[in-house]
Visitor: 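Questions regarding the structure given below will be posed in turn.
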Amino acid sequence: MKTILVTGSNGLLGQKITERILSNNLFHLVATSRGANRFLSQQGYIYESMDILDPLNVQAVVEKYKPDAIIHTAAMTNVDTCEDNKEMAYALNVGAVKTLLSICEAQQIQFIHLSTDFIFDGAAGPYDELANPNPLSYYGETKVEAEELVKKALCPWVIIRTILVYGVLADMSRSNIVLWAKAALEKGEAINVVNDQWRMPTLAEDLATGCLLAVEKGAQGIYNVCGKDMMSIVELVKRVAAYWSLDTSLIREVNGDSLNQNARRPAKTGFILDKAINELGYEPHSFEEGINLLVQQINNIQKHKMRVS
Ligand SMILES: NC(=O)c1ccc[n+]([C@@H]2O[C@H](COP(=O)([O-])OP(=O)(O)OC[C@H]3O[C@@H](n4cnc5c(N)ncnc54)[C@H](OP(=O)(O)O)[C@@H]3O)[C@@H](O)[C@H]2O)c1
């Protein structure tokens, strides 16, 4: 059985990969993230606290467990924070990739790197894997630079590009569009939502499956892995409102420029998924199927919290 080491295992994708590996039993798992483990179950895998900004720490952990593959999910993922704190964004999103690649090259470990639709300017979505990047934000710039390093690596590598990931966890450090919209509308808060940006939102479970398929198949190269439905952000939020029968009059349509966000966002991204579907056997859920799964998970988490309280 192959051993997979995951970086950023406390994050949304990291925890979903952990969940998938524990339920499928296809791989040994070494989960790593900074600080204490935040995944609910501590059984059936190894957890090591590992800071990707500390090369000696990374080297020691990788040498200890000798994984066959590293799935690198840790990053500075908040687009506006990257704009504000460029030095830290560069260290996390580019510097750490250099560290990991040098170790993967020395030990011939397969490196699975997570990238983003924000490498594109959004003028010509949906994009295939060969489209030329033109990032509008510093986050996007760091992700392009990291991709360039990965493409030159002398070890087996995969770049998985994804879009607007949503999902729920018992213990999550940051929200996502679906949970944010649901929570605000449930509280009766009016929300401003952009109507001039289009995305293909990705169920976190689908992305986790895509990453594991890349290891299972010994894939090499760039793969688009996202949801299968294209929608504007406001349409997404309206679908969330409709699903939970929430008040749609609280949704105020605005254009992206009016929000005065630090980082510019691409207008229309989206990915052509043929390569992942044909080569990896990737099967994305529809947005409604994703929301259905989320409901079951929210119920399970509430039941679990009631049991332990
Ligand atoms: N989420 C999206 O919509 C989206 C879209 C496109 C691409 N992506 C890419 O997909 C990947 C996974 O995203 P995600 O949504 O799972 O992100 P996330 O929930 O923000 O998780 C990232 C994890 O990395 C950890 N981390 C940060 N700095 C670290 C360090 N120095 N050492 C070790 N761990 C560190 C964070 O720890 P803390 O929890 O302690 O902060 C967090 O748990 C990222 O590469 C992201 O750029 C995400």
Side-chain angles (χ1 to χ4, degrees), residues 5-20 30-39 47-58 61-62 70-82 85 87-97 99-100 111-120 127 135 137-147 150 158-169 171-180 197 199-208 210-211 223-227 233 236 263 265-266 269-271 290:
L5 185 147
V6 175
T7 69
S9 65
N10 279 332
L12 179 56
L13 175 59
Q15 292 202 38
K16 294 298 181 185
I17 291 173
T18 302
E19 217 167 71
R20 271 273 175 282
V30 180
T32 74
S33 217
R34 63 179 167 198
N37 188 2
R38 291 210 303 271
F39 188 66
Y47 179 82
E48 286 272 358
S49 171
M50 184 179 95
D51 182 351
I52 56 163
L53 292 178
D54 179 348
L56 291 178
N57 184 197
V58 175
V61 172
V62 176
I70 293 180
I71 305 180
H72 178 46
T73 83
M76 186 182 277
T77 51
N78 184 304
V79 183
D80 293 314
T81 310
C82 288
N85 193 345
E87 211 174 311
M88 186 52 80
Y90 191 86
L92 277 166
N93 294 356
V94 183
V97 173
T99 304
L100 285 159
F111 186 69
I112 317 286
H113 177 72
L114 269 295
S115 192
T116 169
D117 57 332
F118 276 36
I119 64 167
F120 296 113
Y127 295 92
S137 61
Y138 190 69
Y139 169 72
E141 281 178 38
T142 62
K143 288 291 197 178
V144 172
E145 193 167 332
E147 281 201 8
V150 176
V158 177
I159 293 170
I160 294 197
R161 293 179 181 152
T162 194
I163 304 176
L164 201 62
V165 185
Y166 66 94
V168 68
L169 301 168
D171 185 353
M172 52 204 307
S173 57
R174 66 183 196 120
S175 191
N176 51 69
I177 180 90
V178 171
L179 299 182
W180 166 77
Q197 291 172 19
R199 303 285 183 262
M200 290 168 72
T202 309
L203 178 67
E205 276 75 9
D206 283 346
L207 179 57
C211 294
Y223 289 88
N224 289 337
V225 173
C226 66
I233 306 276
L236 184 162
R265 269 83 170 157
T269 64
F271 287 148

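Note that ligands are numbered from 1 as they come in the structure, with each ligand's atoms numbered from 1 the same way.
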Visitor: Of all the heavy-atom pairs spanning I160 and C211, show the shortest one and how long it is.
Guide: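 Closest approach of I160 to C211: CD1-CA, 3.7 Å.
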Visitor: Tabulating one pair per line, provide the atom names and distances (0.1 Å) for every N/O atom of ligand 1 that is less than 3.5 Å from a protein N/O atom.
Guide:
from	atom 1	to	atom 2	distance (Å)
ligand 1	1 (N)	R174	NH2	3.3
ligand 1	3 (O)	V165	N	2.9
ligand 1	16 (O)	L12	N	3.4
ligand 1	16 (O)	L13	N	2.9
ligand 1	19 (O)	L12	N	3.0
ligand 1	20 (O)	T77	OG1	2.8
ligand 1	20 (O)	R174	NE	3.1
ligand 1	28 (N)	R34	NH1	3.3
ligand 1	31 (N)	D51	OD1	2.8
ligand 1	32 (N)	D51	OD1	3.4
ligand 1	32 (N)	I52	N	3.0
ligand 1	39 (O)	R38	NH2	2.9
ligand 1	39 (O)	S173	OG	3.3
ligand 1	40 (O)	R34	NE	3.2
ligand 1	41 (O)	R34	NH2	2.8
ligand 1	43 (O)	G11	N	2.9
ligand 1	45 (O)	T73	O	3.3
ligand 1	45 (O)	K143	NZ	2.9
ligand 1	47 (O)	Y139	OH	2.7
ligand 1	47 (O)	K143	NZ	3.0

Visitor: In Å, rounded to the nearest 0.5 Å, how long is the span from CG of L114 to NZ of K143?
Guide: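 So the CG of L114 and the NZ of K143 are separated by 6.5 Å.
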Visitor: Could you list the residues that satisfy salt bridge (charged side-chain N to carboxylate O under 4.0 Å, His left out) with R38, not counting sequence neighbours?
Guide: D171
Visitor: Taking side chain to side chain contact (heavy atoms under 4.5 Å, CB included) as the test, write out the residues that go with S33, two or more places apart.
Guide: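 For S33, the residues satisfying side chain to side chain contact (heavy atoms under 4.5 Å, CB included) (neighbours in sequence not counted) are S9, N10, Y47.
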Visitor: With sequence neighbours left out, what residues match D80 under salt bridge (charged side-chain N to carboxylate O under 4.0 Å, His left out)?
Guide: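 By the salt bridge (charged side-chain N to carboxylate O under 4.0 Å, His left out) rule, D80 matches R265.
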Visitor: Check for a donor-acceptor pair, side chain of N224 on one end and backbone N or O of Y127 on the other, with a separation under 3.5 Å.
Guide: yes
